[in-house]
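Indexing begins at 1, ligand by ligand and atom by atom, following the structure's order.
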Amino acid sequence: MVIYHLALSVFSVNDTGAQSMKEAVLHIKSEKRMHILRVQSSALMAIHSYMHKHGVVQSMPIILSPETDPLNHPHFDASVEYYGQRLHLTKSMILHKQLSLLNDGIDKIYFMSPNVRLEDGKLKETGRHLFEFSQVDIEFKDKTKKDFIRFTDGMIASIYKFVMRKCADDLKALDRTLKVPKLPLKVYESEDLRKELGEDFEKLVSHRAEDPFWIMNFRREFYDREDKERRGYYHNYDIFWPEGYGEALSGGEREWEHKEIVRKMAERKTNMKAFDTYLQVSSQGLIPRTVGGGLGIERMVRYLTGQKHIRDVTLFPRVPGERIIF
Ligand code: AMP
Ligand code: MG
């Protein structure tokens with residue numbers, strides 16, 4: 001894992017000159033944006049209702065904290081010094097989700113969480129990357145990946161149904177046709193797909209799929225649970241949108257044993273000093289046994305509204321490497 005350490009004030013953007021102030025204003029004023037935001041509102045409403053129906057409580061996100069997700073890919077550091085403490089902008093709420101379940105009365109929680117990930121400017125053209133985006137971040141205590149899959153299948157179907165019912169006119173204006181997926185969503189093993197299709201399996205299956213689907217088992221950050229009897233097998237997963245829209249959600253069962261967490265951090269060369277308090281908690285056996293996942297909101301809206309580039313689903317685009325107007 002590489003983290004570029006750079007003072008934010010001197011971070012020089014790879015300016016394409018893609019947008020002037022006038023273009024940025026037109027972007028906000030566009031009728032298309034209105035239809036897209038209406039679809040987003042309905043999708044979020046469907047998620048909130050589904051959570052409420054299933055007793056999942058919402059907590060507000062945190063924005064600055066001494067410890068945050070290390071991430072497994074290159075990115076720039078986004079932190080500030082405040083009264084002698086270095087505080088990081090949230091890259092994901094993973095650690096806080098786990099800690100929130102220390103409360104004996106809470107066993108299902110979710111956050112609508114803004115994430116700041118100063119991604120490499122090379123990702124500008126993927127159409128899927130922003131350097132500020134939001135996740136629906138969900139975590140359950142004493143549950144398994146099977147439970148999470150069943151829950152999330154229902155949530156995905158409810159999003160389609162609600163959006164198709166409430167936003168028929170918006171979808172029509174956007175020339176977008178959706179169909180409610182058949183449940184249960186298909187579940188693949190990454191090992192099988194890699195053998196069948198090679199390293200590009202995610203993309204290939206997403207292109208040929210008509211419904212969202214799950215892929216199990218990815219090597220990721222220290223907190224996703226690795227099987228003790230079968231090293232190299234991870235009890236985690238991604239959901240993918242069909243029609244080539246790619247990754248929708250990442251999650252998994254989590255490590256809770258201190259020994260495993262430390263072993264995994266060492267293996268990934270994670271800077272353990274950066275997780276000092278988290279490790280104090282785990283060393284006392286306090287990390288709850290949890291499972292969960294984070295669904296990218298802008299990527300979901302990009303898929304639901306059929307947009308080529310994720311910039312088009314936001315009023316104030318934050319595309320890696322692109323100059324920001326507002
Ligand atoms: P992760 O746990 O890192 O996979 O993030 C959870 C979800 O957030 C992903 O499955 C994506 O849907 C979304 N996501 C991650 N990174 C970005 C990004 N740079 N821009 C937009 N969405 C993202
Ligand atoms: Mg992911």
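Enumerated by chain and number, the residues approaching ligand 1 to less than 4.0 Å through a heavy atom are Arg117, Glu119, Arg128, His129, Leu130, Phe133, Gln135, Glu247, Ala248, Leu249, Ser250, Gly294, Gly296, Arg299, Ile310.
Judged by distance alone, the side chains of Tyr188 and Glu196 never bring a donor and an acceptor atom under 3.5 Å apart. Judged by distance alone, the side chains of Ser79 and Arg86 do bring a donor and an acceptor atom under 3.5 Å apart. Side-chain contact annotation: His52 with Ser49, donor-acceptor N/O pair under 3.5 Å absent. Between the side chains of Ser250 and Asp238, at least one donor N or O lies within less than 3.5 Å of an accepting N or O.
The pair Arg219-Glu191 does not meet the salt-bridge criterion, since no charged nitrogen lies less than 4.0 angstrom from a carboxylate oxygen.
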Please list, one pair per line, the donor and acceptor atoms closer than 3.5 Å that link side chains of residues 208-218 to other protein atoms, with sequence neighbours excluded.
| unit_1 | atom_1 | unit_2 | atom_2 | d |
| --- | --- | --- | --- | --- |
| Asp211 | OD1 | Lys179 | NZ | 2.8 |
| Asp211 | OD2 | Lys182 | N | 3.2 |
| Trp214 | NE1 | Asp153 | OD1 | 2.9 |
| Asn217 | OD1 | Tyr234 | N | 3.0 |

Name each donor-acceptor pair under 3.5 Å that joins a side chain in residues 283-293 to protein atoms two or more places apart or in another chain, with its distance.
| unit_1 | atom_1 | unit_2 | atom_2 | d |
| --- | --- | --- | --- | --- |
| Ser283 | OG | Leu279 | O | 3.3 |
| Ser283 | OG | Gln280 | O | 2.8 |
| Thr290 | OG1 | Glu139 | OE2 | 2.6 |

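Relative ring orientation between Phe275 and Tyr278 is described as perpendicular, the plane-to-plane angle rising above 60° on a 0-90° scale split at 30° and 60°.
Cation-pi geometry between Arg128 and Phe133 is not satisfied (NZ or CZ under 6.0 Å from the ring centre, within 45° of the ring normal).
Listed by chain and number, the protein atoms of type N/O/S under 2.8 Å from the Mg ion (ligand 2) are Glu247 OE2, Ser250 OG; waters are omitted.
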